[in-house]
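Working notes, structure below.
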Amino acid sequence: MSVNNKRVFYVKYLANPIYVDILKARPDVRLDRIENESPEDYYAPILSAAHAYQIGAARDELAPHFHVDAAFLKRTPNLLLVSSNGAGFDPVDVEACTVAGVLVVNQSGGNAHSVAEHALAMMLTLSKRIIQSDRRLRREANVNRNELVGNEVEHKTVGIIGLGNVGRRIAALCKGLLGMKVLAYDPYLSAEVMAERGGEKVELDELLRRADFVSISCPLDKGSRNMISVREFALMQPHAYFITTARGFIHDEDALLQALRDKRIAGAGLDVWSKEPPPPEHPLLQFDNVLASPHTAGVTIEARQNMGRIAAEQVLDTLDGKRPPRIINPEVWPVYAERFKQAFGVMPG
């Protein structure tokens, strides 16, 4: 086998340096790094020769001309695989990849426990009014603790939208640690599967009406974009909290802003935004009952290392002709397989 006959590149950053260590152990793989600011005469030959693109999952951290769309794919005629750093794949036009015969994979599950812990931490912090207490103490003297009475989370009801890798872990934590009742909405799973994952299958409207906490953990796609808007916030109970650790654009920020202004809900925990990070003057950041983080739910030392490892292993397995476990567009496989054979002389399994 010739040296460096499999070409992989990434732009700006990876989940963890372990990715580089794993790929560098393979003499048949060449790994190139491109910066957002790299000149075209540097990156154009890399794009043209590449078989795999390890792409960042955060759309705002990646220069627009490195987002994968139809125009980008015309510049990468040999590209076989686009691999997202995370569970999300916002900078990737999956339909365009499918048309071009390019396989798209993610690292779903690699940071699931970190995200689930973050969601639970937000629920506890909001319910116990820890964030409001902290802000009051920093601004005022002689704070009256009786104005900061919180609620216990134990035995409350959590409604989880999306019972996949993250959602099922949120369910396990809420049910196992705090004895909470778990309602779940996921149109892609049967009631039996959802029961095995710790949730009672209900429709979205019922979940919103009954839950003390509504937690979003589904992917962003055409079906989930703006899924939680004016109507949905109006269905929630006035004492309920809205938590999202999924993706921006699943909830309508303007609708959430109005719900908070009108005190239709008790507060919100927001890890994802329409623009990331949000500017300090963002209107949602002006509420003391909004707990905010800059898309860091899955950003832990453990999760980053795990994501880097499984990303590297999945890319290498795919370039070795194996079928990867986390395919986003499985319908592309027949066309992809023929393109893989043209590139490497063997059919992938």
Side-chain angles (χ1 to χ4, degrees), residues 84 86-89 94 104-124 153-229 231-232 235-237 240-247 250-251 269 271-272 297-298 303 306-307 310 314 323-333:
S84 168
F89 40 90
V94 177
V104 181
V105 301
N106 67 357
Q107 316 314 318
S108 179
N111 64 356
H113 192 76
S114 292
V115 177
E117 284 187 354
H118 199 94
L120 180 59
M122 282 185 152
M123 284 194 269
L124 289 165
V153 175
E154 187 177 29
H155 303 315
K156 297 296 193 300
T157 297
V158 59
I160 303 173
I161 298 175
L163 209 60
N165 289 302
V166 173
R168 67 198 296 181
R169 283 169 171 80
I170 295 173
L173 289 172
C174 290
K175 204 168 188 176
L177 291 175
L178 297 163
M180 298 179 75
K181 182 175 182 59
V182 179
L183 305 178
Y185 170 71
D186 194 321
Y188 302 103
L189 298 176
S190 68
E192 293 74 21
V193 170
M194 293 173 81
E196 291 172 0
R197 298 183 179 188
E200 175 189 342
K201 185 177 177 69
V202 296
E203 292 303 315
L204 179 59
D205 286 6
E206 182 180 355
L207 181 151
L208 294 167
R209 289 190 182 102
R210 292 174 57 188
D212 300 301
F213 301 90
V214 173
S215 180
I216 310 293
S217 59
C218 62
L220 173 64
D221 55 28
K222 290 181 178 178
S224 65
R225 184 176 287 269
N226 280 334
M227 177 172 59
I228 307 298
S229 191
R231 174 185 171 277
E232 288 71 29
L235 292 175
M236 290 177 62
Q237 301 182 77
Y241 291 96
F242 176 75
I243 312 289
T244 179
T245 53
R247 279 293 185 273
I250 293 176
H251 70 282
D271 183 55
V272 292
N306 194 38
M307 298 287 268
I310 65 175
Q314 185 165 226
R323 188 182 179 100
R326 300 174 181 86
I327 302 176
I328 303 301
N329 56 342
E331 67 275 16
V332 79
W333 187 263

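All of these numbers come straight from a predicted model, not from anything done at the bench.
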Looking at [X] and [Y], would you say the former's side chain and the latter's main chain have a donor-acceptor pair under 3.5 Å?
X: Asp212; Y: Thr157; result: yes
X: Ser224; Y: Met227; result: no
X: Glu117; Y: Ser114; result: no
X: Ser84; Y: Gly86; result: yes

Which atom of [X] lies closest to which atom of [Y], heavy atoms considered:
X: Ala87; Y: Ser108; answer: CB-CA, 4.0 Å
X: Cys174; Y: Leu120; answer: SG-CD1, 4.2 Å
X: Ala112; Y: Asn165; answer: CB-O, 3.6 Å
X: Ile310; Y: Gly110; answer: CD1-CA, 3.8 Å
X: Tyr185; Y: Leu204; answer: CD1-N, 3.4 Å
X: Cys218; Y: Gly162; answer: CB-CA, 4.1 Å

Give the C-alpha distance, both sets of side-chain angles, the deciding distance and a yes or no for side-chain contact (heavy atoms from CB on, under 4.5 Å) between Asp205 and Glu203.
CA-CA 6 Å; Asp205 286 6; Glu203 292 303 315; 5.5 Å; no

side-chain contact (heavy atoms from CB on, under 4.5 Å), paired with Ile161, selected from Asp186, Ile250, Ile228
Ile228

First locate atom [atom1] of [X], then atom [atom2] of [Y], and finally report the distance between them rounded to the nearest 0.5 Å.
X: Lys156; Y: Leu178; atom1: NZ; atom2: CG; answer: 10.0 Å
X: Ser217; Y: Arg169; atom1: OG; atom2: CZ; answer: 11.5 Å
X: Arg209; Y: Leu183; atom1: CZ; atom2: CG; answer: 13.0 Å
X: Gln314; Y: Gln107; atom1: CD; atom2: CD; answer: 5.0 Å
X: Leu220; Y: Lys222; atom1: CG; atom2: NZ; answer: 11.5 Å
X: Asn111; Y: Met307; atom1: CG; atom2: CE; answer: 4.0 Å

Evaluation steps, side-chain contact (heavy atoms from CB on, under 4.5 Å), between Ile243 and Val158
CA-CA 10 Å; Ile243 312 289; Val158 59; over 6 Å; no

Take Leu207 and Val214 through the test side-chain contact (heavy atoms from CB on, under 4.5 Å) and record every step on the way to the result.
CA-CA 8 Å; Leu207 181 151; Val214 173; 4.2 Å; yes

Can you list everything that forms a ring pair (Phe, Tyr, Trp, His ring centres under 6.0 Å) with Phe89? Sequence neighbours excluded, please.
none

Who passes ring pair (Phe, Tyr, Trp, His ring centres under 6.0 Å) against Phe242, sequence neighbours left out?
Phe233, His251

Would you list the pairs meeting salt bridge (Lys or Arg N to Asp or Glu O under 4.0 Å) in which at least one residue belongs to residues 192-201, sequence neighbours left out?
Lys181-Glu200, Glu200-Arg210

Would you please test Leu173 and Met123 for side-chain contact (heavy atoms from CB on, under 4.5 Å) and show each step?
CA-CA 12 Å; Leu173 289 172; Met123 284 194 269; over 6 Å; no

